[in-house]
2 protein chains.
Amino acid sequence: MTTSLAEENYLKIIYRLCEGTKEDISTNSIAELTNNKAASVTDMLQKLAEKGWVTYQKYQGVRLTKIGQNIALSIIRKHRLWEVFLVEKLGYNWDEVHEIAEQLEHIESETLINKLDSFLDFPKIDPHGDPIPSQEGEIPELGYLHLSEVKLNETCTLMGVAKDSAVFLQLLTKLNLSLGARLEVVEINTFDRSVSLKIAEQEPIFISHEVAKNILVKV
Amino acid sequence: MTTSLAEENYLKIIYRLCEGTKEDISTNSIAELTNNKAASVTDMLQKLAEKGWVTYQKYQGVRLTKIGQNIALSIIRKHRLWEVFLVEKLGYNWDEVHEIAEQLEHIESETLINKLDSFLDFPKIDPHGDPIPSQEGEIPELGYLHLSEVKLNETCTLMGVAKDSAVFLQLLTKLNLSLGARLEVVEINTFDRSVSLKIAEQEPIFISHEVAKNILVKV
DNA sequence: ATTAATTTTTAGCCTAGACTAAAAATTAAT
DNA sequence: ATTAATTTTTAGTCTAGGCTAAAAATTAAT
Ligand SMILES: [Mn+2]
Ligand SMILES: [Mn+2]
Ligand SMILES: [Mn+2]
Ligand SMILES: [Mn+2]
């Protein structure tokens, strides 16, 4: 069966929302991420249920079926491979690629994405540290911690980000925080949970709890 | 102003039809190439005229304005650069890339296409010998002949094709006809205008007038 | 247990871009 | 110059995917 651009975007967002929780997903939460109104979301959920890509009972929320998950994963695979291409081959910065990948992820061609994968030497993660699903829809659970969970005086490695908004990524770049950086938590402010970090030999830097929450690390 | 996918496809097709002739373009000819009905074309022509991309008077046909031409050329530029990418970098054959490029040509990003251009080392022609318009919308007139126009016993070089349908390109490949091949016209059959060609040291091959018409050569 | 607030769904409307059938204009043939 | 054939346009309809406003269901607060 064939998927429209709108359907693909819904499936992707429902996937993201399902990832976090075992609960069914609410209409409103989808409306927020798609920038649509709840009424429009209800409409689409009925269509997606009709096609067998979600299980949906009115007023009770929605979940992806196995098929729905696979469609979502194939779009995420395309998104992340294109992001690698844009950074590794075309020389974009990590904060510049998301919007373009949002378009490229909808290009329909099985051979294309596999040739691209091979051209990029089968990368395992994208420029933001996110894992790239395999052709079979397998995606490794990397089990990273949020930097906000790391204890005082512990040292960790920056493995990814939980958000790919350009302003956030630009902030990290300005702070010299990039994938692979070694970070030591030298101070945790109990008042606002802001964090002070030492990177290599540099002067410590301060980041808010909001920023720390969106940085993924391995201890 | 922003262009929809449908509008871009219309502009591209009107461009192709204008190229040949100084006459205004008929509604029916557009309908044929877009695979739409004439009534739908009329609808769209009114919208395109409204936006200033074509000049259109009912019953009198249509032409691109300068702005319309530039939009069309930017799409053609993207199409051809992506085709080069698919062949040169991903290893596709020349008969496999058109459909994918039809999708990729609608990706919207000024920086993307220029970075791609640079990554590909600023190619001047695509895998079918078609010239790639510059960023400013300049496209060299290459002045090639159709192989069907070449005189008996003349030798010429295969520079391009006038059609990028997969079956046609596969036929050429099977006949060992690729860009750059040296061709000697050793026989022209007056009955059906079919042609016999000698390529290098091979045995002569026979091609129909229909095929010869769609091969572009330099004498 | 009611009532109030919130969330979700339904009903009805809109636009883009297709379609068919009928009308109008143009072109070709007597 | 009429008439016939062809082309093009108009009028009206449809679907996808949005929207608002109102109704219904669920959840929270008395
Ligand atoms: Mn992204
Ligand atoms: Mn990413
Ligand atoms: Mn092509
Ligand atoms: Mn081409």
Side-chain angles (χ1 to χ4, degrees), chain A residues 1-14 17-18 20-64 68 71-72 75 102-103 105-106 108, chain B residues 1-14 17-18 20-64 68 71-72 75 102-103 105-106 108:
Chain A
M1 201 177 307
T2 183
T3 50
S4 71
L5 190 142
E7 288 169 341
E8 293 188 355
N9 284 330
Y10 272 97
L11 291 174
K12 212 176 36 149
I13 276 165
I14 298 170
L17 289 167
C18 283
T21 171
K22 264 193 90 76
E23 310 285 303
D24 282 13
I25 300 313
S26 75
T27 301
N28 263 352
S29 64
I30 298 169
E32 215 170 307
L33 290 190
T34 54
N35 290 312
N36 289 327
K37 294 303 158 81
S40 312
V41 173
T42 300
D43 250 28
M44 182 56 89
L45 292 182
Q46 289 166 349
K47 287 177 203 163
L48 296 178
E50 190 61 44
K51 297 200 171 190
W53 298 335
V54 300
T55 57
Y56 166 68
Q57 308 197 87
K58 40 156 103 173
Y59 295 103
Q60 304 307 312
V62 74
R63 288 200 75 74
L64 289 181
I71 299 171
I75 300 159
E102 285 291 305
Q103 296 181 64
E105 71 189 6
H106 302 289
E108 190 196 299
Chain B
M1 200 176 307
T2 183
T3 50
S4 72
L5 191 143
E7 288 168 341
E8 292 188 355
N9 284 331
Y10 272 97
L11 290 174
K12 211 176 37 149
I13 276 165
I14 298 169
L17 289 167
C18 282
T21 169
K22 263 193 91 76
E23 309 287 301
D24 282 12
I25 301 311
S26 76
T27 300
N28 263 353
S29 64
I30 297 168
E32 215 171 306
L33 291 190
T34 55
N35 290 312
N36 289 327
K37 295 303 160 79
S40 312
V41 174
T42 300
D43 251 27
M44 181 57 89
L45 292 183
Q46 289 165 348
K47 287 176 203 162
L48 295 178
E50 190 61 43
K51 296 200 172 192
W53 298 335
V54 301
T55 56
Y56 165 68
Q57 308 197 86
K58 32 154 110 175
Y59 295 102
Q60 304 308 311
V62 73
R63 287 199 76 76
L64 289 181
I71 298 171
I75 300 159
E102 286 289 305
Q103 296 182 63
E105 72 190 5
H106 301 289
E108 189 196 301

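Chain naming here is simple, since letters A, B, ... match the order of the sequence lines and numbering starts at 1 in each. It should be emphasised that the depicted structure is a prediction, and the values quoted were computed from it without experimental measurement. Hydrogens, waters and symmetry mates play no part in the numbers below; they use all other heavy atoms, side chains included.
Protein atom CG of Leu45(A) is 11 Å distant from nucleotide atom P of dT10(C), rounded to whole Å. Going from atom OH of Tyr56(A) over to atom P of dA25(D) covers 13 Å, rounded to whole Å. The distance between atom CD1 of Ile30(B) and atom C1' of dT7(D), rounded to the nearest whole Å, is 13 Å. Here the P atom of nucleotide dT7(D) and the CG atom of Asp24(B) are 17 Å apart, to the nearest Å.
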Q.
Using side chain to side chain contact (heavy atoms under 4.5 Å, CB included), reason through Ile14(B) and Leu48(B) one step at a time and then give a plain yes or no.
A. CA-CA 11 Å; Ile14(B) 298 169; Leu48(B) 295 178; 4.0 Å; yes

Q | Worked verdict on Thr3(B) versus Ile75(B) for side chain to side chain contact (heavy atoms under 4.5 Å, CB included) | A | CA-CA 11 Å; Thr3(B) 50; Ile75(B) 300 159; 5.9 Å; no

Q: May I have the step-by-step check of side chain to side chain contact (heavy atoms under 4.5 Å, CB included) for Asn28(A) and Glu32(A), ending in yes or no?
A: CA-CA 6 Å; Asn28(A) 263 352; Glu32(A) 215 170 307; 5.7 Å; no

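For Glu108(B), the CD atom sits in a loose shell: 12 or fewer heavy atoms of surrounding residues, nucleotides or ligands are nearer than 6.0 Å.
For Thr27(B) and dT9(D), the shortest distance from a side-chain N or O to OP1 or OP2 is below 4.0 Å. In terms of phosphate contacts, Gln60(A) brings no side-chain nitrogen or oxygen within less than 4.0 Å of OP1 or OP2 of dT8(C). For the pair Asn28(A) and dT6(C), the criterion of a side-chain N or O lying under 4.0 Å from OP1 or OP2 is not met.
A heavy-atom distance below 4.5 Å is found between the side chains of Lys12(B) and Glu102(B). At a threshold of 4.5 Å between non-hydrogen side-chain atoms, the residues Asn36(A) and Tyr10(A) count as touching. Considering only heavy atoms from C-beta on, Met44(B) stays 4.5 Å or farther from Leu11(B) through its side chain.
Within the 4.0 angstrom heavy-atom criterion, base atoms lie near Thr42(B).
With values rounded to the nearest 0.5 angstrom, Leu17(A) atom CG is found 7.5 Å from Ser26(A) atom OG.
Pairing analysis of DNA chain D (Watson-Crick: purine N1 to pyrimidine N3 plus N6-O4 or O6-N4; G-U wobble: N1-O2 and O6-N3; both under 3.5 Å) yields stems of 3 or more pairs at C:1-30 with D:1-30.
With sequence neighbours left out, the salt bridge (Lys or Arg N to Asp or Glu O under 4.0 Å) criterion links Glu8(A) to no other residue.
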Q | Nucleotide-resolved protein contact map, nucleotides 17-24 of chain C, B/S/- at heavy-atom distance under 4.0 Å | A | BSBBB--B

